[in-house]
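These notes concern the structure reproduced below.
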Amino acid sequence: MGTYYRVVGQCRDSLTNHLLESELRSLTSVLSNYDAESEISSFNRSDRVGEWVPVHETLVKVLAMAQTISEQTSGAFDVTVAPLVELWGFGSKEVTQPPSTESITRELHRVNYKLLELDEGNNALRKLSNIKLDLSGIGKGYGVDHIAEVLADQRCSDFLIDIGGEIRVQGHNALSHSWRIGIEVPDGTGQAEVFLNLSSGAIATSGSYRNYRIFDEESYPHVIDPRSGYPTSHNLTAVTVYRSTATEADALATALFVMGYDDALEFAESHDIAVALTTWDADSEKHSASYSSAMRVLIKEGN
Ligand code: FAD
């Protein structure tokens, strides 16, 4: 998935890198936008508008969760964002200047999660327009949850799974304590600002500090508002979400990042979601962190 993975566990049955890697490889063969032969890439190439297309069950499962989060967040999370991701230079083609307003308006017509229909009973998808899907905002989280199922099959009672910073834990570490997870300050030092002690659940982060493009000395982060067509532009630098599954945490972190500080905090409070929000203050040149009520409870238990 273009990143590292780390699995630490106590298992009754044997657990090998070979098993984990073959599971991850079969997932990427379905979900990867970076693999021209993957199922998602061939769905994106297809011009069968209005026709049901049978696909792998995994793809339907990931998209069902994606559509739920899109509904919940009024389209802040939207896997049909792919044409805008390409346009702003975060896809396969290199881009040297920001796209024109005309090209953004043109692509916006085919960016809307409502243009994708799922038939979960028959594992089929239907495009209502010439849409393209991008699963980068949810796929790593799904990978983490899938590996958690593999570990459960191998009778692992206690584990930590980390794929590129999306983390899920269960049980205890080797010292019989809860897993201690740090929420990083996004300043490149790798230092944690707070810790959570967790014996279940998942943590995912979205941010502007690792992946961005610079055009005319201005920085454009890789998270794009699917409603405006523009990369997010606000003082939020990172959003970390705690949820029971990594799939949901991953997608929600992206959605809340799109919303910006005020709306993200309001959403977190009204849905009782544990969220850490880090903002950058240009005057003091410092990061500062705020937490939703549910996250403050988790932090209190962990510090
Ligand atoms: P997140 O915030 O979780 O996701 C941001 C990404 O989601 C953006 O980069 C964009 O692609 C998309 N996005 C932007 N705005 C929105 C929005 N509003 N709603 C929904 N989605 C949005 N990278 C490689 O370099 N090489 C690889 O071979 C490779 N293979 C991959 C295979 C798989 C199956 C997956 C899931 C990812 C792969 N990646 C690969 C991607 C890489 O790891 C990404 O950088 C990562 O998935 C983005 O995660 P994030 O935590 O940085 O950001």
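Because only heavy atoms are used, hydrogens play no part in the values below, and waters and symmetry mates are left out as well, while side chains stay in. As the structure lists them, so they are numbered: ligands from 1, and atoms in each ligand from 1. Positions are given from 1 along the sequence. As the structure is a computational prediction, the values presented were derived from the model and not from experiment.
A donor and an acceptor atom, one from each side chain of Tyr4 and Asp162, are located under 3.5 Å apart. Side-chain atoms of Ser208 and Thr237 include no donor-acceptor pair closer than 3.5 Å.
Electrostatic pairing of Arg155 and Asp13 counts as a salt bridge here, judged by a charged N lying under 4.0 Å from a carboxylate O. Looking at Arg168 and Asp145, a side-chain N of the basic residue comes within less than 4.0 Å of a carboxylate O on the acidic one, giving a salt bridge.
In terms of polar-atom proximity, Asp225 is not counted as a contact of ligand 1, lacking any N or O under 3.5 Å from an N or O of the ligand. Residue contacts with ligand 1: Thr28 is placed with no nitrogen or oxygen under 3.5 Å of a nitrogen or oxygen of the ligand (distance criterion only).
Ligand 1 lies within reach of Ala76, whose nearest heavy atom is under 4.0 Å from it. Residue Pro226 places a heavy atom less than 4.0 Å from ligand 1.
Sorted pairs that involve residues 26-82 and meet ring pair (Phe, Tyr, Trp, His ring centres under 6.0 Å), not counting sequence neighbours, are lacking altogether.
Taking every heavy atom of Val258 and a limit of under 4.0 angstrom, the matching atoms of ligand 1 come to 18 (N). Taking every heavy atom of Val81 and a limit of under 4.0 angstrom, the matching atoms of ligand 1 come to 13 (N), 16 (C), 21 (N), 22 (C).
Contact annotation for Phe77 and ligand 1: heavy atoms of both the backbone and the side chain come within less than 4.0 Å of the ligand.
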